[in-house]
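The first residue of the sequence shown is numbered 1, and numbering continues consecutively from there. Order of listing sets the numbers, starting from 1, for every ligand and every atom in it.
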Amino acid sequence: MRSLIDILELSVEELDQLMNTADDIMAHPAKYSEVCHGKKLATLFFEPSTRTRLSFEAAMYELGGNVLGFSEAASSSASKGESVADTAKVVSCYADIIAMRHPKEGAPYVASINATVPVVNAGDGGHNHPTQTLADLETIRHELGRLTDLTVGFCGDLKFGRTVHSLIAALSRYNGVKFVLISPVELRLPDYVRKDILVTHRVPYKETTDLEAVLPELDVLYMTRIQKERFFNEEEYLRLKDSYILTADKMKLAKEKMAVLHPLPRVNEISVAVDKDPRAAYFRQVLYAKYMRMALIMKLLDIAVEIDEQEA
Ligand code: NCD
């Protein structure tokens, strides 16, 4: 039995297989519409979420399965003081697979070693968010046709942005990928990501505070929200919240084939006028996320469906 807590638990080959499965689901949804019949997904969300929870739920429904769960800590026994370990043991008796989001880093890992069913990390504090990475990889593959030889810019809150940490880890394994890390000094990439991933794997990267200066170099621009809920100090959030705003004017500096990604929710960091730009991929990214979660659920539940080799 396998869980997914960190994106690096999946090999590059497995990522490829998941993307091929997602593509096959998109092309032939009917073939998959009952493969999870009789199976249940529990969504344990101890932290607010719209898209990730609904995306997991839609994914399970589209596979013919059922969903149970809660969407805030206050409506769970955590409010009575139950530990994550106990919750995981209990929910294992009700569901075949668990998706857990938690404000504490490592909570889904603790759940996974106590559960008797697979646990998927749906975001743990400012740490990791592997299923968003699945969506991001599939989006880049569709928008640009490759995951190698890319200059990828990450802009905004690189300190607390968990989607950034997971995507950097995943992309570091592809050849010819370089990173441009664009953030205020206070919100730079944490040292553990820099050391464990970038330095260890000798991935070329540079850091800057100036989005416009580097925009022309990028194949992918990954915009992020300043993560208000992770700040200790409201004043600091207010000072940093509008550090970067991508506008239609700034998009003129970018390559014609650049893809703009954003895990959403967007606050102010991409002006609505950019949505009309064909390079704005963030709403397509939402759809890819659902198909990748469908592929992942099938993989973790050991449900195999033949993919036509010619299409894969
Ligand atoms: C992200 C998250 O929860 O980390 N949202 C998401 O899952 N799509 C990004 C964010 O909240 O800014």
Side-chain angles (χ1 to χ4, degrees), residues 4-7 22 41 43-60 69-73 98-109 119-140 152-170 181-184 187 189-190 193 220-231 237 240-246 259-270 275 280-294 296-297:
L4 178 64
I5 303 303
D6 186 310
I7 193 67
L41 163 76
T43 52
L44 312 185
F45 276 63
F46 294 87
E47 196 185 68
S49 160
T50 314
R51 105 214 57 250
T52 305
R53 185 171 56 84
L54 296 188
S55 174
F56 267 108
E57 295 189 358
M60 194 54 166
F70 54 82
S71 56
E72 49 178 339
I98 294 172
M100 176 184 279
R101 169 168 291 193
H102 203 286
K104 283 213 181 103
E105 288 79 5
Y109 170 70
V119 175
V120 180
N121 178 3
D124 61 329
H127 189 214
N128 279 331
H129 194 345
T131 63
Q132 181 63 47
T133 301
L134 297 179
D136 301 341
L137 295 173
E138 174 76 341
T139 307
I140 297 171
V152 182
F154 288 89
C155 178
D157 188 345
L158 311 190
K159 180 178 180 188
F160 297 117
R162 55 193 173 193
T163 65
V164 172
H165 307 157
S166 295
L167 183 55
I168 285 181
L181 307 173
I182 310 147
S183 74
L187 299 178
L189 195 71
V193 184
V220 175
L221 172 59
Y222 195 95
M223 293 297 295
T224 62
R225 171 179 75 87
I226 307 294
Q227 305 281 302
K228 179 177 185 199
E229 65 277 30
R230 316 238 181 265
F231 277 73
Y237 168 71
L240 295 172
K241 76 179 174 59
D242 291 326
S243 298
Y244 299 100
I245 301 178
L246 184 65
V260 183
L261 276 68
H262 190 308
L264 304 179
R266 155 176 63 187
V267 184
N268 248 342
E269 56 282 348
I270 303 180
D275 298 0
Y282 31 92
F283 292 114
R284 293 189 285 279
Q285 196 179 348
V286 177
L287 200 58
Y288 293 133
K290 182 183 70 180
Y291 291 115
M292 288 302 281
R293 291 191 172 106
M294 291 171 78
L296 178 71
I297 291 170

Show me which atoms of ligand 1 lie under 4.0 Å from any heavy atom of R225. 10 (C), 11 (O), 12 (O)

What protein heavy atom sits nearest atom 3 (O) of ligand 1, and how far off is it? R162 NH2, 2.9 Å

Output, in order, the C-alpha distance, side-chain angles, deciding distance and verdict of side chain to side chain contact (heavy atoms under 4.5 Å, CB included) for D157 and R225. CA-CA 6 Å; D157 188 345; R225 171 179 75 87; over 6 Å; no

Ignoring hydrogens, what is the shortest heavy-atom contact between H127 and G106? Give both atom names and the distance. ND1-N, 4.4 Å

For atom 8 (N) of ligand 1, grab the closest protein heavy atom and report residue, atom and distance to one decimal in Å. P263 O, 2.8 Å

Taking side chain to side chain contact (heavy atoms under 4.5 Å, CB included) as the test, write out the residues that go with S243, two or more places apart. P184, L240

So the atoms of ligand 1 within less than 4.0 Å of a heavy atom of Q227 turn out to be 10 (C), 12 (O)

Ring pair (Phe, Tyr, Trp, His ring centres under 6.0 Å) against F231, all qualifying residues, sequence neighbours excluded: F160, Y237

Answer side chain, backbone, both or neither: which part of T163 comes under 4.0 Å from ligand 1, heavy atoms only. side chain

Under 4.0 Å from a heavy atom of R101: which atoms of ligand 1 are those, numbered in the order shown and with their elements? 3 (O), 7 (O)

Look at atom 5 (N) of ligand 1 and say which protein heavy atom is nearest, naming residue and atom and giving the distance to 0.1 Å. L264 O, 2.9 Å

Within the 4.0 Å heavy-atom shell around P265, which atoms of ligand 1 are there? 10 (C), 11 (O)

Please round to the nearest 0.5 Å and tell me the distance separating atom CG of L221 and atom CD1 of I270. 7.5 Å

Verify the distance criterion only: is there a donor paired with an acceptor across the side chains of R293 and T131 at less than 3.5 Å? yes

